[in-house]
Number of protein chains: 2
Amino acid sequence: MAALPSGVLGVIDSTSDRAVFRQIADRLREAIDKGRFKEGAKLPSESELVEHFGVSRMTVRNSLSILQSEGLISSEHGKGVFVRPRPPVRRLASDRFARRHREQGKSAFTVEAEAAGSRPEVDSLKVREERPTPDISARLGQPRKVLARRRRYLLDGRPVEFAVSYLPLDLARDTPIAEPNPGPGGIYARLEELGHRLDHFDEEVRARMPSPDEVKTLRLASGVPVIQLVRTAYDTEGRAVEVCDTVMSADAYVLAYQLPAN
Amino acid sequence: MAALPSGVLGVIDSTSDRAVFRQIADRLREAIDKGRFKEGAKLPSESELVEHFGVSRMTVRNSLSILQSEGLISSEHGKGVFVRPRPPVRRLASDRFARRHREQGKSAFTVEAEAAGSRPEVDSLKVREERPTPDISARLGQPRKVLARRRRYLLDGRPVEFAVSYLPLDLARDTPIAEPNPGPGGIYARLEELGHRLDHFDEEVRARMPSPDEVKTLRLASGVPVIQLVRTAYDTEGRAVEVCDTVMSADAYVLAYQLPAN
DNA sequence: CAGTGGTCTAGACCACGGG
DNA sequence: CCGTGGTCTAGACCACTGA
């Protein structure tokens, strides 16, 4: 157990009102912010911190748990505690569903990933008929049943997004949309072939902490929120033809939109 | 210390691989999800949980800290632990900066809040000249100095949003935009009067956990992420005339956008 | 193997809230 | 005042990692 480089972490002010474990978290946060521990670098071990600050191990662990919930660090059993690296983010542009992209014959996800030099992958594809939740039902104009298409997206092996598309069953039954692979251009291309020319999409964006399930399927580190995006597609007759509910790892995405000024 | 209603919380499976504190968190989470503890309801006290599950207090506290980081509960010193109420969300529509709204003479925030029956308030207003960060500078076309307008927004006394607007100094100096109160319709109305007719806005949306500073100014409960929205306003000549960097409590907002299909 | 983090205990004292 | 959560200690044993 090597001694800590002096001066890197400072000391505790025992006269302060601020709890000791918060002060330790503050010292570590400063050190990370100032680059004294770089991305991916290993922090001092718990026992080193115990010795350096002269506190019990639980106090040190309490401090580390603060930084973990802030998304600054992550711990690896048997190895140590590390400054969490920022993965590359994927930028979702507001024209990503423009018809001209669809006409290339590839899905929006594939095209974009390959342009960025990543290896795209789709996973856990499941298609089935369901009774819609009240929320989905309302968005789709109260169909009795819907076709649900679930799938997970990965980039270079890392899960980044989980999505479920819902379509009114009367519209999707016995069409390529009900097949696991709906063919080139994806379900939006098929919808247009079926006579539902797409007019516009509504998107709703929320952010929240993930459920335990979402932590598992997206392999989220703790302290990483998710972005939930609910998109409704409308055809030129004003009918809602699809609702897509997407949950994304917040540290893998930035969404970009363009708004007109008038 | 009353006995716990039997059957509400279940028991620990000591043969399970799953850590005891995670099992306790699972039981509590189920109970909340199934509505056995409603929004705002008080959970059993720590000592009641200690007795019910037959574990030490630290184990119980560990369980509660999981639920807290998931945003499900919040604790109040001296009172108890409560199911976190979901505050009403504010919906930001994609036409919120349309000129027709501006022409009413009120700010987008005020109009919308009053329509929703809330009491809007603006706070901590500070205007000053600054040297821009590299990021802001790049978005604004590399001005040497910028005018920065900082302010906090509250609804019914609750802080919901903190925003900083940056404008190229050569454009904003000695205009009403440099005044604390820029007048009816806000700075967008003034920009248009100065000959910068607005053409469109670019918005970038991110989600992340808040910094300790943001926790303080937005009075965020733990387990609540923030949405960061960076908006750039362009005039009809293609010049970037303003960048607005907004941080919002994620549980107070849902963002709505409309995308064209082609 | 030694060193790391993960889990858990059984205490202690404190600060806050409400009767 | 008592019950609540907030902080802290000083141990213990375990599971994982890498040499």
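Note on naming: letters A, B, ... go to the chains in the order of the sequence lines (proteins, then strands), and numbering restarts at 1 for each one.
For B/S45, whose side chain is taken as the heavy atoms from C-beta onward, the closest listed nucleotide among C/dT7, D/dT9, D/dT4 is D/dT4. Checking C/dT7, D/dT9, C/dT9 against every side-chain atom of B/S56, the shortest atom distance belongs to C/dT9.
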Is there a side-chain hydrogen bond (donor to acceptor under 3.5 Å, both in side chains) between B/D13 and B/Q23 once you walk through the steps? CA-CA 8 Å; B/D13 174 3; B/Q23 291 188 52; 5.9 Å; no

Go through B/R27 and B/S63 one step at a time and tell me if the side-chain hydrogen bond (donor to acceptor under 3.5 Å, both in side chains) criterion holds. CA-CA 10 Å; B/R27 294 296 92 73; B/S63 310; over 6 Å; no

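For the pair A/D17 CG and D/dC8 P, the interatomic distance rounds to 12 Å; values are reported in whole Å. B/E76 has its CD atom 15 Å from the C1' atom of D/dG3, to the nearest Å. Separating the CZ atom of A/R18 from the C1' atom of D/dG6 is a distance of 14 Å, rounded to the nearest angstrom. One atom, CD of B/E48, and another, P of D/dG3, lie 11 Å apart when rounded to the nearest Å. Counting to the nearest Å, the P atom of D/dT7 and the CG atom of B/N62 are 14 Å from each other. The distance between atom CG of B/L49 and atom P of D/dG3, rounded to the nearest whole Å, is 17 Å. Atom P of nucleotide C/dG3 and atom CZ of A/F82 are separated by 17 Å, given to the nearest angstrom. Atom CG in A/L64 sits about 15 Å away from atom C1' in C/dT7, given to the nearest Å.
Salt bridge A/E214/A/R152: absent, no basic N to carboxylate O contact under 4.0 Å. The existence of a salt bridge linking A/R90 and A/E161 is confirmed by a sub-4.0 Å separation between a basic side-chain nitrogen and an acidic carboxylate oxygen. We find that B/E76 and B/K42 are not joined by a salt bridge, their nearest charged nitrogen and carboxylate oxygen being 4.0 Å or further apart.
One finds a side-chain N or O of A/S47 lying less than 4.0 angstrom from the OP1 or OP2 phosphate oxygen of C/dT4. Distances shorter than 4.0 Å separate none of the side-chain N or O atoms of A/R22 from OP1 or OP2 on D/dG6.
A side-chain N or O of A/S249 and one of A/D251 form a donor-acceptor pair less than 3.5 Å apart.
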Summarise how protein sits on nucleotides 11-19 of chain C as a single string, 5' to 3': B when a protein heavy atom is under 4.0 Å from the base, S for sugar-phosphate-only contact, - for no contact. -B--BBSS-

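Nearest-nucleotide positions on DNA chain D place B/S75 closer to the 5' end than the other of A/T59 and B/S75.
With rounding to the nearest 0.5 Å, the separation of CD in A/E179 from CG in A/L125 is 11.0 Å.
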